[in-house]
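Counting convention: from 1, in listed order, for ligands and their atoms alike. Atoms considered below: every heavy atom in the structure, side chains included; atoms not considered: hydrogens, waters and symmetry mates. FYI, the numbering just counts along the sequence from 1.
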Amino acid sequence: MKQLKRWALLGLLLAAALGAQARTLEEVKKDGKINIATEGQFAPFNYFQGAKLSGFEVELAELVAKKMGVTIEWKALGFDALLTGLRQDRWDLVIASHGITEERAKAVTFADPHYCSGGAIVSLDPAIRKAADLNGKTVSVQTGTTYLDNVKKLTGVKEVRNFPQDTDARGALLTKRVDAWVTDKFVAVGAIASNPGAGMKLGDFVFIERIAAAVAKGNHSLVQGWNKALAEVMADGSYAALSKKYFNEDVRCH
Ligand code: ARG
């Protein structure tokens with residue numbers, strides 16, 4: 001018995017060391033299901049409506065998967081776990097508003113962008129609107145994001161405070177623990193609209209970025225399958241309708 005357990009353990013360790021292989025497009029299609037991970041705390045892109053995952057990216061992924069001929073098995077996890085899980089083959093694809101960066105592209109393969117946006121300044125103080133106004137100020141951002149990287153690059157910012165969730169970075173602004181919050185422009189617009197009495201004001205972009213889904217590094221067949229289906233959704237009017245529903249404008253990259 002003891003011996004058997006030892007072998008089982010060894011087998012598990014071996015499997016972990018070798019790493020499971022990322023599933024190809026063919027394998028995903030054969031299974032009929034694609035495992036997609038997102039965060040679920042980044043409205044209006046990915047969030048929970050009660051117990052149900054929803055949002056622009058969730059609905060967009062549903063449209064894309066339908067074109068690919070598969071259904072989605074959703075997983076919701078902390079933002080930090082998402083790209084790492086691709087490398088461990090815990091899921092096939094991630095869609096969670098990741099900006100395409102050189103650093104991330106070393107570890108994962110990005111799909112074609114599904115929207116363009118950027119990190120914008122939100123403050124309760126109307127005098128804080130542009131990057132230069134952050135001089136000597138404290139700024140909140142979500143951990144592991146491009147907002148953190150880009151605010152850190154600004155000279156003169158007094159302190160950058162990071163939070164595991166973007167909603168907590170927003171909370172820090174609302175409770176006046178920071179002078180400004182940097183987040184996605186459309187997240188900011190949504191937060192301001194749903195908290196009209198809070199006094200949050202949208203300032204300028206700190207930087208702009210192209211947002212894309214990602215697959216395990218080198219999983220070319222899957223990313224090509226996704227890109228082809230995404231292009232179809234962008235061409236047949238369904239992307240435009242979805243974008244209009246969430247943002248009242250077309251957020252695709254031009
Ligand atoms: N666009 C930013 C980035 O690329 C933030 C993404 C945050 N996404 C989320 N689901 N909280 O890092």
Considering non-hydrogen atoms of the protein only, which is the closest contact for atom 9 (C) of ligand 1, and what is the distance? E39 OE1, 3.2 Å
Using modelled atom types only, decide if a donor and an acceptor are shared between the side chain of D204 and the backbone of A131 within a distance under 3.5 Å. no
Any N/O pair H98/ligand 1 closer than 3.5 Å: no
So, taking the atom named OH in Y47 and the one named OG1 in T167, what distance separates them when rounded to the nearest 0.5 Å? 14.0 Å
Would you check the N or O atoms of S97, main chain and side chain alike, for any that come under 3.5 Å of an N or O of ligand 1? yes
Would you mind telling me if ligand 1 is within reach of the side chain of E209, the backbone, both or neither, using heavy atoms under 4.0 Å? side chain
How many angstroms lie between atom CD of E59 and atom OH of Y246, to the nearest 0.5 angstrom? 3.5 Å
Please state which part of Q41 comes within less than 4.0 Å of ligand 1, counting heavy atoms only: side chain, backbone, both or neither. neither
I'd like to check which ligand 1 atoms, numbered from 1 as shown, lie under 4.0 Å from a non-hydrogen atom of T145. 5 (C), 12 (O)
Quick test of your reading of the model: are D179 and K158 salt-bridged, counting only N-O distances below 4.0 Å? no
For R104, take its heavy atoms, then give the atoms of ligand 1 lying under 4.0 Å from any of them. 3 (C), 4 (O), 12 (O)
Atom 3 (C) of ligand 1 has as its nearest protein heavy atom T146 OG1, 3.1 Å
Does any N/O atom on A96 come nearer than 3.5 Å to any N/O atom on ligand 1? yes
Relative to ligand 1, is N46 under 4.0 angstrom through side chain, backbone, both or neither, heavy atoms considered? side chain
side-chain contact (heavy atoms from CB on, under 4.5 Å) partner of I211, chosen from F45, Y115, F110: Y115
N or O contact, G99 vs ligand 1, cut-off under 3.5 Å: yes
Check whether E39 reaches the backbone of G78 with its side chain - one donor and one acceptor, N or O, closer than 3.5 Å. no
Do NZ/NE/NH1/NH2 and the carboxylate oxygens of E62 and K66 come within less than 4.0 Å? no
Would you mind telling me if ligand 1 is within reach of the side chain of Y147, the backbone, both or neither, using heavy atoms under 4.0 Å? side chain
Applying a heavy-atom cut-off of 4.0 Å, say which part of E57 lies close to ligand 1: side chain, backbone, both or neither. neither
Are any side-chain N or O atoms of N227 and backbone N or O atoms of A111, one a donor and one an acceptor, separated by less than 3.5 Å? no
Verify the distance criterion only: is there a donor paired with an acceptor across the side chains of W226 and D112 at less than 3.5 Å? no
